[in-house]
Amino acid sequence: MTAEISTHFIHEKIEADLASNKTETIITRFPPEPNGYLHIGHAKAIHLDFGTALKYNGRCHLRFDDTNPAAEDVHYVHAIQEDIRWLGYDWGDHLYWASSYFDQMENYARQLIEKGSAYVCNLSQDEFKSYRGVPTEPGREPPGRALSIHENIALFDQMKKGDLAEGTYVLRARIDMTSPNLHMRDPAIYRIKHAKHHHTGDTYHIYPMYDFAHCIEDSIEGITHSLCTLEFEVHRPLYEWILNELNLYRPQQIEFARLNITYMVMSKRKLLQLVEENYVTGWDDPRLPTLSGMRRRGFTPTAIRNLCTQVGCTKFESLTEIERLEACVRDDLNETSPRAMAVLDPIKLIIENYPENQTEELKIANHPQNESFGTRTVPFTRECYIEREDYMDDAPNKFKRFTVGREVRLRGAYCVICTRVEKNADGKVIALYGNYDPETRGVNPLDGRKVRGTIHWISAAHACDAEIRLYDRLFTTENPLADKTTEFTEFLNPDSLQTIQAKLEPSLAKAAPADRFQFERVGYFCADRDHTSEKTIFNRTLTLRAAKKI
RNA sequence: UGCCCGAUAGUGUAAUGGUAGCACAUGUGACUUUGACUCAUAUGGUCCAGGUUCAAAUCCUGGUCGGGCAACCA
């Protein structure tokens, strides 16, 4: 695949480092914690990390940041790898685990203790809170600072052996309790956890904290540029302090803004809540911004990568309009999806001058601009389904579809003039009657009259019944998290999923799960993963770009 | 009220002291056997105030507004 990626401040920094020979090979890393599914926000980071490595002929490591066994699960490890591959990126042999560095990290922690730069602290979380102080006031030195190196080593050994209960002791970096940066006020770097780790099992009872672990992981792997999101900006002094204290190679951490998209929530915690409280059907619900959800919805990796390129990379906390994502998806799908016909809200059209028992196999192109998509045959008969909204009583002149007396082209078939309409007692249209012009099969009328509208249709006798899931945005407000006083679930769109029964052209019964189509004039659809030869199920990926219909 | 970061059309971005461009969205028109696609065209912008300079979106100072930081999460 191509490394389509725009240039921005991070690449300027990289190019300067290359030019000054500070670095030779660019090495980045994508470091997910296996505690949830990847979403489109991660796609931005993946695109940046892997795309940058590709652009500069370097490499990108996939490293699972598995330092907290309480939250993590091997199930997520598999899902994350699948999603990254689906997006189109490959880490080759460079798969790493924070947990494989645990022994080294312990040694580094010991080094810190031995040089007096770390100590064991027995303060409870609440107690330490009062020692740490608040942003506007300096903290006080915790009593543990007075312990001898000997005592600290002994205590750390006990923590490691698993004799001590969780929460009783932590190892702290000894930095500066008066620092204006709270992260420098003796942060915890090791804590006791008796949980079973998905990768190391019961081997360890102590686990490193993010701030201690991450910089060491980067350093060990020789990462040149460690790209992360803005909230880690205030952690950078700590990242650098630890590696300096340990006299280790120091990668360059650079921060960029997260991706936010209107009508979506990107927080892992919020997504988990939507899944656990059954607001959606699972992590791969097509309404979710998870990569697995978007995949099931029918979005393409190309579209997502293009979006990432378009939004670029800055330090400005932006909110991207969902329309831009949708434009990327339509742009790709327009080029890559074969066309087909489906009637979502059927009414019958009876062509009275068409022979009663005749079936014609019409050859129709699968793509209007690309002949390589080939053709398919679609059966045509006297009775067809057409879309209810393709008929209107007393239609204005601009309405290019049926009204009594108006002639319309049936896509790929004949021109038909609507002669009368049949309604039930409530005035609801039950059927349309019309006559076709046998001379117009595939061509315009010979007499030169203009037929302005073209509509889609399905032969009633051959129609394939299908379940169609119409998805719409999950929330009704652009930024469901903006209002801090209202729970974001209050803004859930009650109509985000509508399931209907529709009529499809028979060729679609042969579709395989995940196959994508454009149902002409209706939208982009893909066969759901639940789709089988017995039960036809399609998801609506997106509608066609909304044009003003009369 | 401590520290850190940021601010360019509605939105996302480019311009690296020298003509403020591009894309998405929106309006209008053309084409069309998809009211799609495509094409043309229009609307619309440098947070504010000073300063430096022949020249400032860009550099400096001060404001304003927005975001982040007080897990034994990452």
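The chains referred to below are lettered A, B, ... by the order of the sequence lines, with proteins before strands, and numbering in each begins at 1.
Within the nucleic acid shown, A:Ile192 has no heavy atom closer than 4.0 Å to any nucleic acid atom. Across all strands shown, A:Ala71 has no heavy atoms under 4.0 Å from either base or sugar-phosphate atoms. When heavy atoms are screened at a 4.0 angstrom cut-off, A:Val443 is found touching base atoms of the nucleic acid. A:Phe316 comes within 4.0 angstrom of the backbone, heavy atoms only, and of no base. Residue contacts for A:Arg132: at a heavy-atom cut-off of 4.0 Å it reaches the sugar-phosphate backbone alone, with no base atom in range. Using a 4.0 Å heavy-atom criterion, one finds that A:Leu123 contacts the bases of the nucleic acid, with or without backbone contacts as well. Using a 4.0 Å heavy-atom distance criterion, A:Gln518 is classed as a base contact. A:Ser124 comes within contact range of at least one nucleobase, with a heavy-atom separation under 4.0 Å. Nucleic acid contact for A:Met209: sugar-phosphate only, since backbone atoms but no base atoms lie under 4.0 Å from a heavy atom of the residue.
A donor-acceptor pair shorter than 3.5 Å cannot be found between the side chains of A:Thr314 and A:His8. Donor-acceptor pairing under 3.5 Å is recorded for the side chains of A:Tyr37 and A:His75. A side-chain N or O of A:Ser372 and one of A:Asn370 form a donor-acceptor pair less than 3.5 Å apart.
Checking B:C73, B:C69, B:C24 against the side-chain heavy atoms of A:Arg324 singles out B:C24 as nearest. Closest to the side chain of A:Leu544, from the set B:G35, B:U33, B:A36, is B:A36. Closest to the side chain of A:Lys129, out of B:G12, B:A71, B:U33, is B:A71. Of the candidate nucleotides B:U13, B:A36, B:C73, B:A36 has the atom nearest to the side chain of A:Arg339.
The separation between A:His8 atom NE2 and B:G6 atom C1' is 17 Å, rounded to whole Å. Atom CD1 of A:Ile322 and atom P of B:A23 are 22 Å apart (whole Å). Between the CZ atom of A:Phe525 and the C1' atom of B:A36 there is a distance of 13 Å, given to the nearest Å. Spacing between atom CG of A:Asn181 and atom C1' of B:C5 amounts to 12 Å, rounded to whole angstrom units. Straight-line distance from the CG atom of A:Asp331 to the P atom of B:C24: 8 Å, rounded to whole Å. As a whole-Å value, the separation of A:Ile40 CD1 from B:G12 C1' is 14 Å. When rounded to the nearest whole Å, the span between CD1 of A:Ile216 and P of B:A74 equals 13 Å. Atom P of nucleotide B:G12 and atom CG of A:Asn260 are separated by 10 Å, given to the nearest angstrom.
Remark: A:Thr320 is not in phosphate contact with B:G12, judged by side-chain N or O atoms under 4.0 Å from OP1 or OP2. A close approach under 4.0 Å does occur between a side-chain nitrogen or oxygen of A:Arg191 and OP1 or OP2 of B:A74. Note on A:Lys193: a side-chain N or O is less than 4.0 Å away from OP1 or OP2 of B:C73. Between B:C72 and A:Gln125, a contact under 4.0 Å exists linking OP1 or OP2 to a side-chain N or O. The phosphate of B:G35 has neither OP1 nor OP2 within less than 4.0 Å of any side-chain N or O from A:Thr454. The shortest distance between the side-chain N/O atoms of A:Arg441 and the OP1/OP2 oxygens of B:U33 is not below 4.0 Å. Between B:C37 and A:Arg545, a contact under 4.0 Å exists linking OP1 or OP2 to a side-chain N or O. In this model, the phosphate group of B:G35 is approached by a side-chain N or O of A:Arg521 to a distance below 4.0 Å at OP1 or OP2. For the pair A:Thr262 and B:U11, the criterion of a side-chain N or O lying under 4.0 Å from OP1 or OP2 is not met.
At a cut-off of 3.5 angstrom, counting only N and O atoms as typed in the model, there is a donor on one side and an acceptor on the other between the side-chain of A:Glu321 and the base of B:G10.
Nucleotides B:G18 and B:A74, compared at atom C1', are 46 Å apart to the nearest Å. Between the C1' atoms of B:A9 and B:A42, the separation comes to 14 Å (whole Å). Taking atom P in both B:C73 and B:A57, one finds a spacing of 49 Å when rounded to whole Å. When the C1' atom is used for both B:G10 and B:A25, the distance is 7 Å, rounded to whole Å.
Residues A:Arg185 and A:Glu137 share a closest heavy-atom pair of NH2-O, 2.6 Å. What you find for A:Gly41 and A:Leu259 is that their closest heavy atoms are CA-CB, 4.2 Å. Across all their heavy atoms, A:Ile455 and A:Ile386 have their closest contact at CD1-CG2, 4.0 Å.
Salt bridge present: A:Arg110 and A:Asp157 bring a charged side-chain N and a carboxylate O closer than 4.0 Å. A:Arg63 and A:Glu221 are joined by a salt bridge, as a carboxylate oxygen and a charged side-chain nitrogen come within less than 4.0 angstrom of each other.
With the nearest nucleotide of RNA chain B identified for both A:Lys315 and A:Ala327, A:Lys315 has the one nearer the 5' end. The 5' end of RNA chain B is approached more closely, in terms of each residue's nearest nucleotide, by A:Lys44 than by the other of A:Leu410 and A:Lys44.
Taking the O4'-C1'-N9-C4 or O4'-C1'-N1-C2 dihedral as appropriate, B:A57 has a value more than 90° from 0 and is therefore anti.
The number of heavy-atom neighbours closer than 6.0 Å to CZ of A:Arg258, taken from other residues, nucleotides and ligands shown, is 12 or below.
By the 30° and 60° cut-offs, the orientation of the rings of A:His183 relative to A:His235 is tilted. Between A:Tyr96 and A:His61, the ring planes are tilted. Angles from 30° to 60° get that label.
Listed by first then second residue, pairs satisfying salt bridge (Lys or Arg N to Asp or Glu O under 4.0 Å) with a partner in residues 311-328 of chain A read A:Glu233-A:Lys315, A:Glu255-A:Lys315, A:Glu326-A:Arg473, not counting sequence neighbours.
Contacts of residues 362-372 of chain A with RNA chain B (heavy atom under 4.0 Å): A:Pro368, A:Gln369. A heavy-atom distance below 4.0 Å to RNA chain B is reached by these residues of residues 228-236 of chain A, ordered by number: A:Glu231, A:Phe232, A:Glu233, A:Val234, A:His235.
Residues forming a salt bridge (Lys or Arg N to Asp or Glu O under 4.0 Å) with A:Lys13 (at least two apart in sequence, or on another chain): A:Asp17. When the side chain to side chain donor-acceptor pair (under 3.5 Å) test is applied to A:Asn122, no partner is found at least two apart in sequence or on another chain.
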Under a cut-off of 3.5 Å for both distances of each Watson-Crick or G-U pair, what dot-bracket string does RNA chain B give, using [ ] for crossing pairs and | for inter-strand pairs? .((((((..((((....[..)))).(((((.......)))))....(((((..]....))))))))))).....
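With respect to A:Leu307, the side chain to side chain contact (heavy atoms under 4.5 Å, CB included) criterion is satisfied by exactly one of A:Thr302, A:Val329, A:Leu325: A:Leu325.
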